[in-house]
There are 2 protein chains.
Amino acid sequence: MEEGTSKEPSHSCCTEEAFQWDTREDCDVRQILDRIGDKWSLLVIALLDDGSMRFTELKKTIDGISQRMLTVTLRQLERDGLVKRTVHPVVPPRVDYELTPLGVTLHATIQSLVTWTETHQTEIARSRARYDAAVASE
Amino acid sequence: MEEGTSKEPSHSCCTEEAFQWDTREDCDVRQILDRIGDKWSLLVIALLDDGSMRFTELKKTIDGISQRMLTVTLRQLERDGLVKRTVHPVVPPRVDYELTPLGVTLHATIQSLVTWTETHQTEIARSRARYDAAVASE
DNA sequence: CAGTATCCGTGTGGATACTG
DNA sequence: CAGTATCCACACGGATACTG
């Protein structure tokens, strides 16, 4: 695997020299934002919140995900301690994934963001339409 | 400007056919996640929460941001109705940016995520160390 | 000062083929 | 079944130069 295994903080904010802006917002926050902001992690977390699932089950449920990205995503979540991976020693292999208690609390926290979005989606859509119209007619 | 101006939902979930997984989590949520998950938006929002700022002021404060990305980021936030842009008709030009009421509520909502991260960062760091060690010694 | 325009390197993620 | 390995396309964002 060539990516995502040992991503170091890339911002200079984490070094002693040179943090001009509110650093505490970044660094640690950045890392979980990179997780929930990526294409699939949040979706996997949301699905596993309903109970444990097998690899193929996830793959079938998440429309459009590649085998590779499902693996990568699950590994990252496992590494962060958000998801637990259980291998059953049978043939053919059976692997179950479930949220850890930590993962459950993260999902709960993200819910407020989901709620915010649902509440304000119309407002945002209107704002975008207004903006685009203003730009187009100038 | 070649990017970010009219990004359409790319997921098939938003079409009538083919949504297998919990679609409501995506689509609308995806769009604000793309915003707060990107490299600079959250940082700009956090800074503007302390009061309005000028373009150059933001540029100086946010270490490492390019002129281009500051402009792009601000335009996106403006388009979403999260940031208000005020041009003062003077020479040299003076442009102020401030959070809209909507932007303020988003920032407030994100705070819970920041808090969660601060609370669990040690736990995550330990989990990663454990995982990496396990992978290395096999 | 506050942008825009252009060019270009890199990382993220998709497609495909192969395996214990 | 549950992965790995490899290759590749394209979007994101950085550097630089120019402008009302």
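In the text below, chain A, chain B and the rest are named by the order of the sequence lines, each starting its count at 1. Bear in mind that the values here come from a model prediction, so they are computed numbers and not experimental data.
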Report the distance from atom [atom1] of [X] to atom [atom2] of [N], rounded to the nearest whole Å.
X     : N      : atom1 : atom2 : answer
B:R94 : D:dG20 : CZ    : P     : 23 Å
B:Q76 : D:dC12 : CD    : P     : 9 Å
A:D96 : D:dC1  : CG    : P     : 14 Å
A:R35 : C:dG11 : CZ    : C1'   : 14 Å
A:L74 : D:dT4  : CG    : P     : 10 Å
A:I65 : D:dA2  : CD1   : C1'   : 14 Å
B:K59 : D:dG14 : NZ    : P     : 10 Å
A:E78 : D:dA2  : CD    : P     : 15 Å

note = Smallest heavy-atom separation, B:S127 atom then A:E78 atom, equals OG-O, 4.0 Å
I'd like a table of donor-acceptor pairs (distance under 3.5 Å, sequence neighbours excluded) in which one partner is a side-chain atom from residues 84-92 of chain B, with atom names and distances.
residue	atom	partner	partner atom	Å
B:R85	NE	B:Y97	OH	3.2
B:H88	ND1	B:R94	O	3.3

message = Applying a strict under-4.5 Å side-chain criterion to I, L, V, M, F, W and Y, I'd like to know whether B:L99 and A:Y131 cluster together.
response =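 Cluster IDs for B:L99 and A:Y131 differ.
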message = Using only atom types and a distance under 3.5 Å, with no angle test, would you say the side chain of B:T100 pairs donor to acceptor with the backbone of B:L82?
response =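 Here the side-chain-to-backbone pair exists.
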Among [options], which nucleotide sits nearest the side chain of [X]?
X     : options              : answer
B:R75 : D:dC1, D:dG14, C:dT4 : C:dT4
B:K39 : D:dG13, D:dC1, D:dG3 : D:dG13
B:P92 : C:dC1, D:dC1, C:dG13 : C:dC1
A:R85 : C:dG3, C:dG13, D:dG3 : D:dG3
B:F55 : D:dA2, C:dA2, D:dG13 : C:dA2

task = Please state whether the phosphate of C:dG3, meaning OP1 or OP2, lies under 4.0 angstrom from any side-chain nitrogen or oxygen of B:Y97.
result = yes
task = Tell me whether the OP1 or OP2 atom of C:dA2 has a side-chain N or O from B:T56 closer than 4.0 Å.
result = yes
request  = Pick out which of A:I62, A:L47, A:V95, A:V44 makes a side chain to side chain contact (heavy atoms under 4.5 Å, CB included) with A:M53.
outcome  = A:L47
Position toward the 5' end of DNA chain C (nearest nucleotide), A:Q67 or B:V95 = B:V95
task = Using a strict cut-off of less than 4.0 Å between a Lys/Arg side-chain nitrogen and an Asp/Glu carboxylate oxygen, indicate whether A:D132 and A:R128 qualify as a salt bridge.
result = no
query = With no angle test and no hydrogens, is the base of D:dG13 tied to the side chain of B:R68 by a donor-acceptor pair under 3.5 Å?
reply = yes
The helix from C:dC1-D:dG20 to C:dG20-D:dC1: angle between end helix axes, five pairs per end, rounded to 10 degrees = 50°
inquiry  = As an exercise, state the distance from OG1 of B:T71 to CD of B:Q76, rounded to the nearest 0.5 Å.
reply    = 11.0 Å
